[in-house]
Amino acid sequence: MSDERRAMLRIRRQLLGLLRDGGLPATVLFSVIQLVQVVLPALTALATAAVVNSVGTTANAGVSRVVTPLVLLAATLIVAQILSAIQLPTTLVVQSRIDVAYRERLADLASRSETITVLEQPAVQDLIATANAEPSTWIEKTPGQGSTAQLLLIVRYVGLVSSALVLVRFSWWLVPLLVLPAFAFRYLALRQWLNHFRIWARGIGDHRRYQYWSKLAFAPAEGKEIRVFGIDDWISSTGQNHGLTHMRPVWEDDYRAARAKWLQSALLFVPLVIVFLAVCIQTEHGRTSLATETVVLTAAWAVFQAVGYTFDSVAVQGVVPVMQAYNALDAALTDPRRTESDTPALTRTPTLAFEGVGFHYPGTEREILKGLDLEIRPGELVALVGMNGAGKSTLTKLLAGLYEPTAGTIRADGRDIAEIGYAAWRRELAVVFQDFVRYPLSARENVALGAEIDQDALDAAAREAGFDEVLARLPEGWDTPLSKERVGGVDLSGGQWQQVVLTRAIYAIKHGAKILVLDEPTAHLDVRTEFEVFERLTRLAREATVILISHRLSTVRQADRIVLLENGRIAESGDHDALMELGGDYAAMFTIQAERFQSGYDDRVEEGELL
Ligand SMILES: Nc1ncnc2c1ncn2[C@@H]1O[C@H](COP(=O)(O)OP(=O)(O)OP(=O)(O)O)[C@@H](O)[C@H]1O
């Protein structure tokens with residue numbers, strides 16, 4: 001068996017396995033409906049034959065002979081109606097349950113990698129986009145649609161066997177006469193579909209561009225510019241051009257396919273006509289009954305229905321790229337060292353030690369950190385300063401275990417944090433990144449982020465982050481959604497958002513986190529608010545170690561220690577007075593900033609208040 005076939009078989013098995021997620025009752029009901037539906041044509045054939053048969057004998061045997069077959073026929077027709085009525089809702093329930101479970105597994109998979117190194121690879125991002133299974137085109141299918149289609153493909157063979165069994169009772173040669181052309185019909189129809197599929201997919205780039213340009217007109221931000229610049233005609237014609245470039249080859253293929261349909265039609269009708277004529281001639285000569293004729297013709301048509309239906313195969317094809325991407329992600333994101341533990345990694349605030357830490361980002365050569373040594377004592381407030389691009393944020397990402405050092409080790413009380421296990425280690429940290437996420441959730445949810453709600457601790461954290469004043473102005477206080485897109489929601493300013501994430505970090509400390517890492521948490525705050533927040537952080541440092549990155553040297557001067565990062569190493573380290581006395585780069589940077597303040601650069605600060 002070729003590798004391609006083996007891979008396809010694996011995906012088919014996987015799709016069938018997904019049916020478990022549909023829930024037992026719904027999946028069983030779905031399967032029964034499909035099964036009954038495919039054997040119904042054979043049953044209908046038999047019931048119809050029984051009716052036809054009984055009509056001929058009524059005169060001799062009385063009305064009762066005809067009632068039973070009629071009831072049988074009516075029952076099959078009623079069952080068919082009932083099944084078709086509940087088929088759609090059952091299918092939707094099964095499909096959506098499978099999709100929900102699949103997406104949960106995919107999210108689990110994405111968070112399985114301890115570091116974000118793999119996630120940053122463009123190839124992995126492409127896989128994630130495909131595995132996400134959000135069909136934006138008719139050729140793409142979700143795992144739920146694929147797995148129900150795969151089940152149907154199998155069930156249809158049951159339909160084929162039941163119709164073949166009915167036929168074989170009358171004449172064995174009817175089976176190959178009908179089944180073989182039916183498979184040939186299926187082969188041709190599928191080939192045509194797959195070709196259509198390929199042509200459609202080839203122009204996917206133009207299709208996406210068409211979608212982009214078509215949506216532009218409705219987007220509020222772009223809508224502003226479109227109106228101001230008067231470019232609506234240009235936008236719509238550009239979109240249309242992409243649409244036409246994509247669709248022209250597809251339409252040409254449609255015409256070609258329509259012209260080639262005669263062969264498929266011949267495969268469908270010639271055997272049926274032969275069977276029809278053969279049965280008619282036999283009936284004519286009294287060798288077979290009208291009832292037999294009815295059965296044979298109905299069952300013959302059912303054979304074509306069972307085999308000739310290709311949409312299920314097309315649906316399975318539509319989910320193949322999704323499952324391939326999922327399997328590739330599964331392999332790429334499996335981290336053999338992952339440790340799962342609910343117990344806290346540390347019992348007390350540890351001494352942190354960066355020992356000869358070197359680092360370059362994956363896929364790049366440039367050393368961002370070069371043999372960096374730094375020790376941070378428990379409860380110390382360390383300010384990390386340096387020029388743009390010096391590697392300050394990189395250092396915090398290494399501390400959070402998002403990347404692993406390419407040289408050296410980071411230790412907590414002597415233990416390598418990689419050995420502790422990053423998941424357990426991160427529970428000891430509260431981190432505010434520069435590019436934090438603004439969740440469209442309530443203020444309370446934005447702060448607690450899934451942690452248990454302790455309202456007193458939330459209020460205290462809000463006070464310490466200076467967020468309490470903003471909260472007081474929010475229409476629903478803690479319950480106010482922090483997004484204009486939510487009903488009753490509000491938009492916060494950049495500085496107010498920073499107060500939200502600061503509150504989140506302080507709340508985490510109140511819930512046991514032992515190290516607070518703040519990457520420019522106050523850059524958007526006005527100088528006075530920043531100063532107040534910093535003062536509160538100084539008090540917080542008694543509960544936890546605080547590592548703070550800031551460019552405002554006037555604010556960080558109160559830190560226990562200021563560490564200047566330069567060329568991937570620690571260039572200067574000490575408290576403000578010691579570094580000023582040293583007269584190095586820190587002193588120079590501080591003097592420049594101080595002069596700017598004194599010359600009235602920021603009139604919100606009273607001279608001398610912060611410096
Ligand atoms: N994901 C990444 N992949 C490759 N290079 C990166 C990545 N993130 C950052 N860098 C590079 O690493 C260097 C250090 O960046 P980093 O963000 O650590 O600096 P920083 O000291 O925090 O700067 P700033 O003060 O501007 O925030 C920069 O040159 C940056 O371009």
Side-chain angles (χ1 to χ4, degrees), residues 110-111 113-128 332-333 352 354 356-374 376 381-408 410 417 422 426 429-437 494-495 497-498 501-502 505 515-525 527 530 534 546-557 559 561-573 579 584-586 588-590 592-593 596:
S111 59
S113 166
E114 293 272 19
T115 63
I116 57 166
T117 310
V118 188
L119 288 181
E120 283 202 338
Q121 294 170 7
V124 171
Q125 281 303 321
D126 286 350
L127 287 177
I128 291 174
L333 295 173
L352 293 174
F354 291 75
V357 170
F359 181 72
H360 57 85
Y361 279 96
T364 64
E365 295 291 315
R366 195 162 71 87
E367 293 286 327
I368 308 296
L369 301 178
K370 302 169 196 160
L372 178 137
D373 291 308
L374 173 66
I376 300 172
L381 197 163
V382 173
L384 213 52
V385 299
M387 303 294 278
N388 291 124
K392 305 180 292 295
S393 301
T394 304
L395 193 130
T396 63
K397 287 188 225 166
L398 293 181
L399 180 64
L402 297 175
Y403 296 94
E404 291 196 307
T406 40
I410 303 172
I417 60 167
Y422 290 123
R426 281 184 207 124
L429 303 183
V431 188
V432 173
F433 289 112
Q434 251 180 53
D435 51 353
F436 57 82
V437 181
W497 263 111
Q498 282 196 321
V501 284
L502 260 173
I515 298 154
L516 178 58
V517 181
L518 304 165
D519 190 350
E520 295 198 50
T522 51
H524 292 288
L525 300 187
V527 181
E530 185 189 24
F534 190 83
V546 180
I547 300 169
L548 169 78
I549 298 177
S550 178
H551 283 287
R552 285 197 189 150
L553 303 185
S554 55
T555 315
V556 302
R557 64 182 287 183
R561 191 149 50 110
I562 297 163
V563 170
L564 174 71
L565 205 59
E566 252 175 25
N567 298 322
R569 292 195 182 84
I570 309 293
E572 294 172 24
S573 171
L579 292 187
D585 287 344
Y586 172 81
M589 279 157 57
F590 184 85
I592 293 170
Q593 287 195 5
R596 288 170 73 198

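One-based numbering along the sequence shown. Each ligand, and each atom within it, is numbered from 1 in the order the structure gives. All of these numbers come straight from a predicted model, not from anything done at the bench.
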J.: Against heavy atoms of Glu520, which atoms of ligand 1 measure under 4.0 Å?
T.: 25 (O), 27 (O)
J.: Looking at atom 14 (C) of ligand 1, what's its closest protein heavy atom, distance included?
T.: Gly389 O, 3.5 Å
J.: Can you label the angle between the Tyr361 ring and the Tyr403 ring as parallel, tilted or perpendicular, going by 30° and 60°?
T.: perpendicular
J.: Just which atoms of ligand 1 are under 4.0 Å from any heavy atom in His551?
T.: 25 (O)
J.: Donor-acceptor check, side chain of Lys392 to backbone of Gly386, threshold 3.5 angstrom: yes or no?
T.: yes
J.: Short N/O distance, under 3.5 Å, between Thr364 and ligand 1?
T.: no
J.: Checking a contact table here: which protein heavy atom is nearest atom 18 (O) of ligand 1, and how many Å away?
T.: Thr394 OG1, 2.4 Å
J.: Please report which non-hydrogen protein atom sits nearest to atom 27 (O) of ligand 1, along with the residue it belongs to and the distance in Å to one decimal place.
T.: Gln434 NE2, 2.9 Å
J.: Can you list the atoms of ligand 1 that are under 4.0 Å from a heavy atom of Gly391?
T.: 14 (C), 18 (O), 19 (O), 20 (P), 21 (O)
J.: Once you round to the nearest 0.5 Å, how far does CZ of Phe354 lie from CD1 of Ile570?
T.: 8.5 Å
J.: Is it the case that the side chain of Gln125 and the backbone of Leu119 share a donor-acceptor pair, with hydrogens and angles ignored and the cut-off at 3.5 Å?
T.: yes
J.: Tell me if a side-chain donor or acceptor on Gln498 pairs with a main-chain N or O of Glu520 at a distance below 3.5 Å.
T.: yes
J.: Got an N/O contact under 3.5 Å between Gly386 and ligand 1?
T.: no
J.: Look at atom 10 (N) of ligand 1 and say which protein heavy atom is nearest, naming residue and atom and giving the distance to 0.1 Å.
T.: Tyr361 CE1, 3.3 Å
J.: Would you check if Leu553 and Tyr586 make a side-chain contact, meaning some heavy-atom pair closer than 4.5 Å?
T.: yes
J.: A side-chain contact here means heavy atoms from C-beta on lying under 4.5 Å apart; do Val357 and Leu374 qualify?
T.: no
J.: Just let me know how Tyr403 lines up against ligand 1, side chain, backbone, both or neither, with a heavy-atom cut-off below 4.0 Å.
T.: side chain
J.: With a 6.0 Å cut-off (strictly less than), is the heavy-atom count around CG of Asn567, excluding the residue itself, greater than 12?
T.: no
J.: Which protein non-hydrogen atom lies closest to atom 28 (C) of ligand 1, naming both residue and atom, and how far is it?
T.: Arg366 NH2, 3.5 Å
J.: To the nearest 0.5 Å, what is the distance between CZ (Arg552) and CZ (Arg557)?
T.: 15.5 Å
J.: Which one of Asn388, Ile368, Asp435 has a non-hydrogen atom at the shortest distance from atom 26 (O) of ligand 1?
T.: Asn388
J.: Quick one: look up the protein heavy atom nearest atom 22 (O) of ligand 1 and list residue, atom name and how far away it is.
T.: Ser393 OG, 2.7 Å
